[in-house]
Structures are given as structure tokens and as C-alpha cells.
Amino acid sequence: MTRRRPASADDLLTELGRLTAQALERAELQQARVELAQALQRELLPGALPELPGLRTAARYAPARNGLDIGGDWYDGFRLPDGALGFSIGDVQGHDVEAAAFMGQVRVGLRAVAGISANPGEVLARANELLLSMDCTLFATCSFLRFDPVSWELSDSRAGHVPAVWATTDGRSGVTQDEGGLPIGILPGEEYPVTRRRLPVPGAFVLVTDGVVEGPSFPIEAGLEEVTRVVQEGVGSGSADGGAPDPGELATEIIKVADLTGHTDDAAVLVLCHDERDREP
């Protein structure tokens, strides 16, 4: 039986140096992927959101505390051919560069479909079929909203996404209990119910991703409860003339809830503040 020669100090140092170099190379490669995902995320999110007289909007985004988990969340807002406004928010399953790139595809796909359909449920259904046709292994939860300035109606549909939070200046508030469908990109032929809301009283309608309301410190129910409290207080303080609050200030306060939950995922907030129909912002 041949005995192995004990490793010398030089051998150990050489091996340690080799392992250190490999670890450093992997770390640098991973850091490069994180930085690329961050850059993609910044470039793919819109620089501004559309508004109309009586409807003011704002959004906030916070990257994951762990850089490896960045890349899945988005928000968007755009004008539609008939004069309405479309909004989406969502979260791609997975992280890193692949998720950031897929997020961009989902966002563009929703915009394209929304231009030919006024029904939010149909928008999600067509986007679902589009993603399935791409034969991608990823999927996304999302909500799509449409604001009609003529009927003063907000219609929305959601695909496996976190429910919305709302509050009005007459003291009412809550978490929506609307029926939804599966995340897009999972099952062909999925249907997405639509909920329509008239907005007779000034207030705010708020959408978030799960990074805001769920984390190691909070279950999602507690996170939604905290967001509801923040929205209710923000709307209660309102503006000087009794209308809806400033959406940017409200969005800033809501994104802080993510710090309470100890979130490790991305976090995004989309705020729509609506005044009375005959009120100018």
C-alpha cells in the first residue's frame, strides 16, 4: 500500500492560491451578471408615467437587498389609441439577467396587445398566449389596468398577482378581493376576469409587487395591512383643497414598507391618485 506524501507548506499555499483565483473569477463573473441585470432593469423601466386631468400617477422601485435576486419586477404606464391610459405592474419568476430580459418582453407584449383591445382581461389572455408561443420556461404574475377619462372608470384584471389597495377621502379603504387568473405564461386558454370601478370620490388606487408586502419579517397579510394603513393615512391627509394626495409622496411612503418586511426580492409600487371628475389636478 502506497502512502501519500504529506503536503508541504508550499503545496498547500499553491492549492489555496488556485482555489482563491477560481473563487475570485466566479465572484467577478457573478458581479458582472448582477450589474448587467441592474442596468437592464433601469433601462427597461419607464422614466415617466402618463397623467390626465384628475388622475396623477407615480411609481417607485427598490432593488433586492441581495444583488443576485434583482431583475424580475416592473411597472409601466402608457397612453392608448382611444385616449385612455394603460398601466401594468408585475413580477417575473426567477432573477438575474434572464429575468430582467424576460421582464422587458412581457412589458412590451402587454403594450402591444393593449393597443388592440380595450378589455384588460383580454389583454392578459392574449399576453399569456404570446408568452406560451415563445416557448420560454419563465412566467410572470401581473395586473393590468385601464383608466377611461370619459366614463371615469378604472377597469383591471390580474394574473396571480398581489391584490390592490385603495382608499378614498371619505374614510373608506381596503384590499381588493377581485377574482383573478393564473400567472401568464403557464397554461393556454386561461381566462382573466375584469373588475370595473367608478371613481366618484377622490382617493388612491395602489398596486405593489410581493417584495413590498412579503418577506422574512412579514407574512403577506401583514404586509398588505401595513400598506393599507399607509395609504389610508396618506389619503386622509390629502391635499390642501381636499382632493387626493400627491402620488409621489404616497409612493415613497409605501415603498418603505418593504424595509419593514425585510424583503430580499425586488419591490415596486404603482400609485394612481384620482380626484373628482370635474376637478382639475
Side-chain angles (χ1 to χ4, degrees), residues 36-51 57-64 69-81 84-147 154-162 164 180-186 190 192 194 205-212 247 251 255 265-272:
L36 177 57
Q38 290 173 332
L40 278 171
Q41 191 88 13
R42 286 193 301 269
E43 293 300 318
L44 291 172
L45 293 177
L49 295 173
E51 296 185 336
T57 61
R60 296 290 184 270
Y61 169 79
D69 289 337
I70 197 169
D73 289 20
W74 86 87
Y75 60 83
D76 197 13
F78 47 93
R79 296 183 183 276
L80 295 167
L85 299 183
F87 298 94
S88 70
I89 189 170
D91 182 3
V92 171
Q93 170 265 335
H95 304 98
D96 205 349
V97 178
E98 184 182 10
F102 184 72
M103 176 268 285
Q105 293 174 322
V106 175
R107 196 179 143 231
V108 170
L110 286 169
R111 280 191 175 221
V113 174
I116 58 175
S117 176
N119 184 304
E122 186 176 345
V123 171
L124 291 183
R126 291 191 178 190
N128 179 55
E129 299 302 325
L130 176 62
L131 294 185
L132 289 170
S133 71
M134 294 165 57
D135 197 26
C136 181
T137 58
L138 298 179
F139 60 87
T141 70
C142 66
S143 291
F144 185 82
L145 295 86
R146 186 179 190 277
F147 175 73
L154 186 67
S155 54
D156 67 277
S157 188
R158 66 189 180 103
H161 198 66
V162 180
L182 291 174
I184 57 176
I186 292 182
E190 182 70 0
Y192 299 91
V194 178
F205 195 81
V206 175
L207 297 107
V208 301
T209 58
D210 58 6
V212 178
I255 200 71
D265 200 354
D266 292 9
V269 173
L270 177 62
V271 175
L272 310 181

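In what follows, every heavy atom counts, from backbone to side chain, and hydrogens, waters and symmetry copies are set aside.
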Enquirer: Are Arg126 and Ile116 side-chain neighbours, meaning at least one heavy-atom pair lies under 4.5 Å?
Expert: yes
Enquirer: Indicate yes or no for a side-chain donor-acceptor contact from Thr57 to the backbone of Pro50 under 3.5 Å, with no hydrogens or angles considered.
Expert: yes
Enquirer: Cut-off 3.5 Å, side chains only: do Asp73 and Thr209 have a donor facing an acceptor?
Expert: yes
Enquirer: How far does CG of Leu80 sit from CZ of Phe87, to the nearest 0.5 angstrom?
Expert: 9.0 Å
Enquirer: Knowing that exactly one of Val271, Val212, Val208 qualifies, which makes a side-chain contact (heavy atoms from CB on, under 4.5 Å) with Ile255?
Expert: Val212
Enquirer: For residues Ile184 and Phe139, report the shortest heavy-atom separation together with the two atoms involved.
Expert: O-CB, 3.2 Å
Enquirer: Ignoring hydrogens, what is the shortest heavy-atom contact between Ala58 and Ala251? Give both atom names and the distance.
Expert: CB-CB, 4.3 Å
Enquirer: To the nearest 0.5 Å, what is the distance between CZ (Phe144) and CG (Asn119)?
Expert: 10.0 Å
Enquirer: Donor-acceptor check, side chain of Arg79 to backbone of Glu51, threshold 3.5 angstrom: yes or no?
Expert: yes
Enquirer: Can you spot which of Met103, Gln93, Gln105 makes a side-chain contact (heavy atoms from CB on, under 4.5 Å) with Leu138?
Expert: Gln93
Enquirer: Measuring from Phe102:CZ to Leu131:CG, what's the distance to the nearest 0.5 Å?
Expert: 4.5 Å
Enquirer: Looking at every non-hydrogen atom in both residues, tell me the closest pair between Ser88 and Leu270 and how far apart they are.
Expert: O-CD2, 4.0 Å
Enquirer: Can a donor-acceptor pair be found, under 3.5 Å and without considering hydrogens, that links the side chain of Glu190 to the backbone of Leu182?
Expert: yes
Enquirer: Can you check whether Leu154 reaches Leu145 side chain to side chain, under 4.5 Å on heavy atoms?
Expert: yes
Enquirer: So, does Asn128 use its side chain to make a donor-acceptor pair with the main chain of Gly185 at under 3.5 Å?
Expert: yes
Enquirer: Quick check: do Leu124 and Leu110 have side-chain heavy atoms less than 4.5 Å from each other?
Expert: yes
Enquirer: Which heavy atom in Trp74 sits nearest to a heavy atom in Val106, and how many Å separate them?
Expert: CH2-CG1, 3.5 Å
Enquirer: To the nearest 0.5 Å, tell me how far His161 NE2 sits from Leu207 CG.
Expert: 6.5 Å
Enquirer: What is the minimum heavy-atom distance between Pro81 and Gly115, and which atoms define it?
Expert: CG-O, 3.8 Å
Enquirer: Taking C-beta and beyond as the side chain, do Pro120 and Asp156 meet within less than 4.5 Å on heavy atoms?
Expert: no
Enquirer: Looking only at heavy atoms, which two atoms of Asp76 and Leu49 are closest? And how far apart?
Expert: C-CD2, 3.9 Å
